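Values below: every heavy atom of this structure, side chains too, minus hydrogens, waters and symmetry copies. In each ligand, atom 1 is the first atom listed, and ligand 1 is the first ligand listed. Computed from a predicted model, the values in this text were never measured in an experiment.
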Amino acid sequence: MISIINLILIKLLILLPKSFVKVFANRYVAGETHEEALHIVKKINRKGFSVTLDILGEHTTDKSMASNIASEYLELYDKINNQNLECNISVKPSHIGLDISEEEFLNNIDKISKKADSLNNFLRIDMEDSRATDITINAYKKLRSKTDKVGTVFQAYLFRTFEDIKKIKDLGLNIRLCKGIYKEDSKISLQNRKQINKNYLKILKYSFENDIYVGIATHDSDLISKVYNLINDMNIKNDRFEFQTLYGVPMSYWLNEHLRHNYKVRIYVPFGPEWYDYSIRRLQENPNIASYVLKNIFKK
Ligand code: FDA
């Protein structure tokens, strides 16, 4: 439930000077430039974790801007390759043109996917709100027919997700499974945490049964414990999944556990000059995050 305190926190945050907010954002955002972000990637790699890099931003309305962002992703792949980093890339459809037209998005994502493929790297297409679900899945299907170095994201809170995965399971899938971060209507999505977690586990079990590679993206301790049980019960090999967390969220207990079990971990690292607008929009849309952030400032 969205509390009044969370809403007040967001109002306060917007009133603060940007430089002040940056002090807090630094924990979650890996700087503004490629160099700053790649420096963080190196540090994370040294600790034994993989990374997925994301340039912050969404809802681009200008064609040349969308195309420039796509070009930036191509440059990033080259830099990752030249520096031999264990790092792939995550892209938001609306950042590279979905709000302009489906064609614009498809052109740009195709370029990025070709680059990932040519360098033997990997592209993850992030999942945005439910207006983008069909287009994103269709783009994934199209790209998947050309390369296996591409994956997308499915959200456990949407009623449709189980069937969506079932429909395309034979393509040989690589998915990230998350709960879903956007505010969605109760007509199309689960609203209750217990039910979302139940659906998450149902989808994960189905994915394991059907040899779908899964990026298990959650910070929820109860859920992660249940995922561990499922992995044990089903005797799932550790090359069939990876755990994923957002950069900055304090997960040291689980990160150590994953390493101890020889489970792969990937950290989602966002960066870029758009960090402020992006973070404020996300907070306004999902005020519950405000209390996470505040809680985490005091945690290791
Ligand atoms: P839950 O919301 O129950 O949170 C559990 C605990 O984790 C909280 O109590 C808090 O301590 C901590 N926490 C969670 N989120 C936090 C945050 N942002 N900052 C600080 N602490 C936080 N969604 C989507 O719709 N499309 C996508 O493509 C992606 N991609 C993605 C990648 C990765 C690697 C992750 C980890 C998550 C996503 N998400 C996403 C977001 C996801 O859908 C979900 O909203 C958040 O992960 C929060 O849900 P949890 O599963 O962590 O559980």
Side-chain angles (χ1 to χ4, degrees), residues 1-3 6 9-10 24-29 44 49-54 56 58 87-95 98 123-133 136-137 140 151-158 161 175-184 188-201 203-204 214-227 241-255 258 264-270 275 278-283 285-300:
M1 227 183 22
I2 296 162
S3 77
N6 287 345
L9 275 174
I10 292 162
F24 299 105
N26 272 344
R27 176 176 185 143
Y28 298 100
V29 177
I44 295 173
F49 306 122
S50 303
V51 174
T52 187
L53 264 184
D54 163 64
L56 285 169
E58 58 187 349
C87 176
N88 64 35
I89 279 176
S90 292
V91 177
K92 288 195 171 37
S94 81
H95 198 200
L98 184 59
L123 164 66
R124 175 81 56 197
I125 315 169
D126 281 348
M127 188 61 82
E128 298 183 88
D129 66 68
S130 55
R131 290 168 301 174
T133 312
T136 307
I137 295 174
Y140 174 47
T152 191
V153 180
F154 285 92
Q155 298 152 322
Y157 66 1
L158 290 187
T161 294
I175 67 168
R176 175 192 300 145
L177 184 59
C178 64
K179 291 191 190 182
I181 201 163
Y182 303 90
K183 184 97 198 99
E184 298 290 359
I188 61 162
S189 66
L190 299 162
Q191 306 288 321
N192 169 288
R193 184 165 177 232
K194 252 190 174 165
Q195 286 177 350
I196 296 171
N197 285 9
K198 198 171 158 204
N199 200 37
Y200 192 107
L201 289 166
I203 296 165
L204 185 60
V214 191
I216 302 164
T218 177
H219 313 105
D220 181 337
S221 268
D222 293 343
L223 186 56
I224 298 174
S225 298
K226 290 190 175 120
V227 169
F241 63 88
E242 63 191 42
F243 283 93
Q244 298 188 351
T245 69
L246 298 176
Y247 177 63
V249 177
M251 290 289 287
S252 49
Y253 170 76
W254 281 112
L255 294 180
H258 298 335
K264 184 166 182 170
V265 176
R266 187 175 302 278
I267 315 282
Y268 185 111
V269 176
W275 65 270
Y278 179 86
S279 311
I280 295 292
R281 255 203 311 274
R282 273 290 77 71
L283 284 169
E285 191 172 88
N286 187 352
N288 286 327
I289 297 175
S291 63
Y292 291 165
V293 173
L294 194 75
K295 204 170 74 187
N296 290 338
I297 285 166
F298 301 104
K299 258 184 164 181
K300 270 245 165 223

Using heavy atoms and a threshold below 4.0 Å, how should the contact between Val153 and ligand 1 be classified: side chain, backbone, both, or neither? side chain
Counting both backbone and side chain atoms, is some N or O of Gln244 under 3.5 Å from an N or O of ligand 1? no
Exactly one of Arg131, Glu58, Glu128 clears side-chain hydrogen bond (donor to acceptor under 3.5 Å, both in side chains) with Ser94, and that residue is Glu128
Any idea which atoms of ligand 1 are less than 4.0 Å away from a heavy-atom of Asp126? 28 (O)
Contact partition for Ile181 relative to ligand 1, non-hydrogen atoms under 4.0 Å: both
Side chains of Asp222 and Asn197, donor plus acceptor under 3.5 Å: no
Going by the 4.0 angstrom heavy-atom rule, the piece of Gln155 near ligand 1 is side chain
So the atoms of ligand 1 within less than 4.0 Å of a heavy atom of Tyr268 turn out to be 32 (C), 34 (C)
Got an N/O contact under 3.5 Å between Thr218 and ligand 1? yes
Between the CZ atom in Phe241 and the NZ atom in Lys264, the distance rounded to the nearest 0.5 Å is 11.5 Å
Provide the number and element of each atom of ligand 1 under 4.0 Å from a heavy atom of Asp220. 3 (O), 5 (C), 53 (O)
Relative to atom 23 (N) of ligand 1, which among Cys178, Gly248, Pro270 owns the nearest non-hydrogen atom? Cys178
Smallest separation among heavy atoms of Gln191 and Glu184, with atom names: NE2-O, 3.1 Å
From NZ (Lys183) to OG (Ser189), nearest 0.5 Å: 7.5 Å
Are Thr52 and Arg176 linked by a side-chain donor-acceptor pair shorter than 3.5 Å? no
Near Ala217 (heavy-atom distance under 4.0 Å), the atoms of ligand 1 are 33 (C), 34 (C), 35 (C), 36 (C)
Mind checking whether His219 has an N or O less than 3.5 Å away from an N or O of ligand 1? yes
Does only the side chain of Arg176 get under 4.0 Å from ligand 1, or the backbone, or both, or neither? Count heavy atoms. side chain
Under 3.5 Å between any N/O of Arg193 and any N/O of ligand 1: does that happen in this structure? yes
Out of Ser130, Gly180, Ser90, Pro250, who gets a non-hydrogen atom closest to atom 43 (O) of ligand 1? Gly180
Would you give the length of the straight line joining atom CZ of Arg124 to atom OG1 of Thr152, rounded to the nearest 0.5 angstrom? 7.5 Å
So, Arg266 and Glu242, do they make that salt bridge, N to O below 4.0 Å? yes
Please list, in number order, the atoms of ligand 1 under 4.0 Å from a heavy atom of Met127. 24 (C), 25 (O), 26 (N), 27 (C), 28 (O)
About how many Å separate OG1 of Thr161 and CG of Leu177, when rounded to the nearest 0.5 Å? 8.0 Å
Nearest 0.5 Å please: distance from the CG atom of Asn199 over to the CG atom of Leu204. 11.0 Å
